[in-house]
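Down below is the structure, laid out as structure tokens.
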Amino acid sequence: MTKQISPLQKARAAYKPKLPKVFMQYGSNVVPTLGAPTESIADQKEINALFPNTYGLPVITFEKGASDAGALVKAGVILSGGQAPGGHNVIAGLYDGLKKLNASNELYGFKGGPSGLTDNSYVLFDDAFIDEYRNTGGFDIIGSGRTKLEKEDQFDKVIANCKALGITALVVIGGDDSNTNACMLAEYLLKKNTGIQVIGCPKTIDGDLKNEWIETSFGFDTATKVYSEIIGNIQRDANSAKKYWHFIKLMGRSASHIGLECALKTQPTYAIISEEVAEKKMTLRQIVTDIAKAVKTRAEAGKDFGVVLVPEGLIEFVPEVKKLIDELNDLLAENAAHFDTLSDDDKLQFVSSKLTSESNQAFSILPFSIKQQLLMDRDPHGNVQVSRIETEKLLIDLVGDLLSEWKSKGEYKGKFSFQNHFLGYEGRCAAPSNFDADYCYSLGYTASALIGAGKSGYLSSVRFLTKPADQWVAGGVPLTMMMNLERRHGKDKPVIKKALVELDKKPFLTFVANREKWIAEDAFQYPGPIQYFGPTEVCDQPTITIQLEH
Ligand code: FBP
């Protein structure tokens, strides 16, 4: 039976992603221009000592030139971590770029994330295979996974599997943790003189893998457009029915970039930015009081409805809860075997007996369900799985309690009815926007150029993203440049620094300048769905965040 595809899918399959001018004009006749040697963003001495072979590399940009590329390359690629719209286009760009360098080049896709590399589970791509996935969302072309690739015995397996297939270059499409591991792999492969190159590509809807050279991670644009459409729809409903407060938790493990971008796009009644909570050292009680005040203000104007955006990672930014989580992380890591043998009640007792009194106090005021969620398994990187913690419900409960208290004292006369939502999986696999389709294809194509230029230990970079795609500049940024030391599992580890929302930068300041107005007035915006076809001002706008930043 022939596969049925929708008219939109058909039209998107025919979409030709744009590339930076250097590739559009000169194809594979490009050469890397090398900048000055680089330093890591912090802890230079320690990072240098840990990465002697990849530290200090120069930033690269590609320019016209006679390349000596042409030697046969067999490359492998993995998708790592959470899904993000556009991953398939990174692979398509990489495939097309490699074929442009030499039509006999081959690309292998390792299945199920990093474990595919160690387990030697792979497919060999050909034109028909790649064509089926062009401009589509999802990571289903080869799947993804969160296995942490960091130990020498894993690296040795990677070497053996690559040697057996004749692979001399690997591309890791992942977020900060996955690219940290890519950096360790690159270092190890150089140390062992394997001749296998490693290139990373910046992926994550969370938008927190960015810096001066990496303007945004791919997937952020599409995911925030999808979420903003849904938030707009909910706002329209709130404004029509005028009877509910909608609490919407938005995905984004740690940073609040998604929440901030969606707030800028949709102008909700209220939005919380975790980084501000941490900066102001706000307690849970203060956060709840501020929301309750907004509910009260609107009730006094006869409006018992509104929309509150809650970032997924919020509770880790509330200092008292962060301290609690840090203690829990160490406790669970140190007592993993014993902890697994305990019943749910015994787990709670065990934890309470070990926590400091301050953290015990913070733990005790949490509802039972949240306590349990905080004790759930960590992900392979040791992180609390915040997408499974129902922060939006916690806030609804606490705001409801406070409003009842005020009501009993005659201080609040409104009616607090609510709905809760979690927007995460609705957007992670959406068909990439034009921006992400172009950006991802360009990242993959740039990765092929870095491979052709014999580079290793680099993150593929495409810059000047607020300009039309043909003015984008392609290059590579040394992975070690983005590193610093951070405490993980009770130890100092070299990791790529997460980019949190910066409170002195335009995106946040623009939000602050408007938020009071959004509580009082109904300034709701209804962005509608992603537009794939039509006028540029509708279809090709990058995020407000990146426009304000650049
Ligand atoms: P990455 O950083 O790996 O891209 O993951 C992003 C993310 O979507 C987060 O926003 C979310 O907290 C997490 O993945 C959820 O992952 P999972 O579905 O594996 O629990």
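Numbering of ligands and ligand atoms starts at 1, following listing order. Note that the numbering runs from 1 along the sequence shown for the chain.
- For Phe125 and Phe129, the gap between ring centers is short of 6.0 Å.
- His550 is linked by a side-chain hydrogen bond (donor to acceptor under 3.5 Å, both in side chains) to nothing, counting only residues two or more places apart in sequence or in another chain.
- A cation-pi contact, defined as under 6.0 Å to the ring centre and within 45° of the axis, is absent between Lys203 and Phe218.
- Using a 4.0 Å cut-off between charged side-chain N and carboxylate O, Asp208 and Lys498 make a salt bridge.
- Residue pairs that meet the salt bridge (charged side-chain N to carboxylate O under 4.0 Å, His left out) test with at least one member in residues 422-433, sequence neighbours left out, do not exist here.
- Protein residues having a heavy atom under 4.0 Å from any atom of ligand 1 are Gly81, Gly82, Arg146, Lys203, Thr204, Ile205, Asp206, Met251, Gly252, Arg253, Glu312, Ser387, Tyr425, Arg428, listed by chain and number.
- Under the ring-ring contact (aromatic ring centres under 6.0 Å, His included) criterion, Phe339 pairs with no residue at all, not counting sequence neighbours.
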